[in-house]
Amino acid sequence: MSDAPRASRKVFGAARSRARCRLNEAHVRSREPAMGVIGMIGLGQMGLPMAANLMKADHTVVGYRRGECADFRALGGIPAASAREVAERCDIILCCIPNEPALEDVVSGVHGIAIGDCSNRIVVELSTLSTSAKTRQADALAAKGGTMLDCAISGIPRMVAERQGVVFASGDEPAFERVRGVLDVVTAKLFYMGAFGTALNAKLCANMLVAINIASTAETLAFGRKLGVDPLRLVEALKDGAGGSLQFTVRAARMATGDWKRVMGSTAMLAKDLHLIEEKSGEIGCPTPILMTAARIYDEAMAGGYAETDVAAVYAIVARRAGLDVPGEESDKTENG
């Protein structure tokens, strides 16, 4: 078969992509929100794959992050200079950011969404942050005519990319129904939980399981090593057994080999959520002894210099407590003299 038809298809595809990009940027320059144009604030390990899935579904995505946006632009996204610029282009804005100061900056900061009119705008706030912080920014948005939904996403980046991350949503139900079609593009697992704040509560329940699971995985590997079982053989034997789990599957081998410099989810991010869980458990009078024991391991990992590594690094703490060497780190010490 000749390569000519294939080459012409490539040329046509590239031309169509350029034409679509010009059309999208024309929408953006108009400064009027357009149907099918979605905002994405926060283009990190969760936000970027969400934006990619929206673009695959033929949405134009206008995105903002504080750093450079080359990866987002390469996917076909249109970078904005500020959160407010996103709000000027889009009626529906997804927001997935790391902490409460960032949320305040995005909504009510100098260049935030709520510095201007927000009529007809809905912010789908997907970050795991306290209800009080979200409520303050929801009030700031409402004062300018907008609506915020409290939402949260549970899963690892690969799951988000494959539309398998679980999205919890809460808040004004008519607003939720208005954005349901967009969220159905982001995930095949969408759950409306009820009043504003219940999505966060559901996410805290999910992360309680995640944190305990990761800590118990670290403890299991240390226990096995002390018994003389080869850790990688143990991982392979256990991962599909009765005690296997997603967290075991994606992190046990990384623990066994000291592979936590490649960050899928940082220790700091999960430790933040554990403190939210502890705060909530105190408010409602619900003892969480297993979680509190695990939380101290995460605190020790934070203090030990593992805040920005993958959370698999909690194994280093458990290994040292058991009198074991830490994979990778012993060789680092040898190389460094």
Side-chain angles (χ1 to χ4, degrees), residues 42-50 65 67 71 96-99 102 126-128 152-162 164-166 203-204 206-225 231-232 234-236 238-239 243-277 291 293-322 324-333 335:
L43 296 166
Q45 290 193 311
M46 299 298 223
L48 193 63
M50 283 191 272
R65 73 151 69 109
D71 50 358
C96 191
I97 52 179
N99 53 49
L126 289 152
S127 316
T128 308
I153 187 162
S154 178
I156 60 176
R158 172 177 55 79
M159 292 172 64
V160 176
E162 295 171 355
Q164 294 303 302
V166 177
K203 175 64 181 293
L204 294 182
N207 277 5
M208 179 183 287
L209 291 170
V210 168
I212 293 170
N213 201 313
I214 291 172
S216 67
T217 295
E219 192 169 275
T220 296
L221 292 184
F223 182 62
R225 282 183 67 194
L232 287 175
L234 184 63
V235 169
E236 192 64 26
L238 296 182
K239 68 179 183 181
S245 68
L246 171 65
Q247 294 303 328
F248 188 95
T249 297
V250 300
R251 287 195 162 94
R254 297 182 71 175
M255 290 180 181
T257 57
D259 177 18
W260 41 71
K261 291 181 180 178
R262 294 183 300 114
V263 181
M264 181 165 50
S266 73
T267 305
M269 288 294 289
L270 190 52
K272 166 186 66 72
D273 296 350
L274 295 187
H275 293 150
L276 286 174
I277 295 168
L291 185 282
T293 300
R296 302 295 74 81
I297 298 172
Y298 291 90
D299 288 344
E300 194 172 335
M302 291 281 289
Y306 298 103
E308 300 308 321
T309 65
D310 188 83
V311 72
V314 297
Y315 177 69
I317 305 305
V318 176
R320 288 198 187 100
R321 286 182 178 183
L324 296 165
D325 64 291
V326 177
E329 296 190 6
E330 292 303 313
S331 60
D332 289 345
K333 288 178 184 176
E335 289 172 7

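Small disclaimer: the values here were computed from a predicted structure and weren't measured.
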[X] vs [Y] side-chain heavy atoms within contact, under 4.5 Å:
X      : Y      : answer
Ile317 : Tyr298 : no
Met264 : Arg158 : no
Asp299 : His275 : yes
Leu270 : Val314 : no
Met46  : Leu126 : no
Ile214 : Met255 : yes

Quick check: are there more than 12 heavy atoms from other residues, nucleotides or ligands sitting under 6.0 Å from CD of Glu236?
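No - once you tally the heavy atoms of other residues, nucleotides and ligands closer than 6.0 Å, there are 12 at most.
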For atom CD of Gln45, decide whether the heavy atoms of other residues, nucleotides or ligands shown that lie under 6.0 angstrom number more than 12.
yes
Spacing of Thr128 atom OG1 and Met269 atom CE [to the nearest 0.5 Å]:
6.5 Å
Rounded to the nearest 0.5 Å, how far does CG of Leu246 lie from CG of Asn213?
8.5 Å
Shortest non-hydrogen contact between [X] and [Y], atoms and distance:
X      : Y      : result
Phe248 : Ser245 : N-OG, 3.1 Å
Ala319 : Asp325 : CB-O, 4.1 Å
Ile297 : Ala215 : CD1-CB, 4.4 Å
Ala206 : Ser154 : CB-OG, 3.8 Å
Ala307 : Ser266 : O-CB, 3.6 Å
Pro98  : Lys272 : O-CE, 3.5 Å

Steps toward side-chain contact (heavy atoms from CB on, under 4.5 Å) verdict (Asn207, Leu204)
CA-CA 5 Å; Asn207 277 5; Leu204 294 182; 5.6 Å; no
I would like to know whether Tyr315 and Thr217 meet side-chain contact (heavy atoms from CB on, under 4.5 Å); could you show each step before the answer?
CA-CA 8 Å; Tyr315 177 69; Thr217 295; over 6 Å; no
Short question: side chain of Ser127, backbone of Ile97 - any donor-acceptor pair under 3.5 Å?
yes
Closer than 3.5 angstrom, by distance alone: can the side chain of Lys203 be matched with the main-chain N or O of Asp273 as a donor-acceptor pair?
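No: the side chain of Lys203 does not pair with the backbone of Asp273.
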Under the side-chain contact (heavy atoms from CB on, under 4.5 Å) rule, what do Arg65 and Asp71 come out as? Steps first, then yes or no, please.
CA-CA 11 Å; Arg65 73 151 69 109; Asp71 50 358; 2.9 Å; yes
For Arg321, enumerate each residue passing the salt bridge (charged side-chain N to carboxylate O under 4.0 Å, His left out) test, keeping only those at least two apart in sequence or located in another chain.
Glu300
According to side-chain contact (heavy atoms from CB on, under 4.5 Å), who are the partners of Met208, at least two apart in sequence or on a separate chain?
Ile212, Ile277, Thr288, Leu291
Strictly by side chain to side chain donor-acceptor pair (under 3.5 Å), give each pair with a member in residues 305-314 just once, sequence neighbours left out.
Arg251-Asp310, Tyr306-Arg320, Tyr306-Glu329
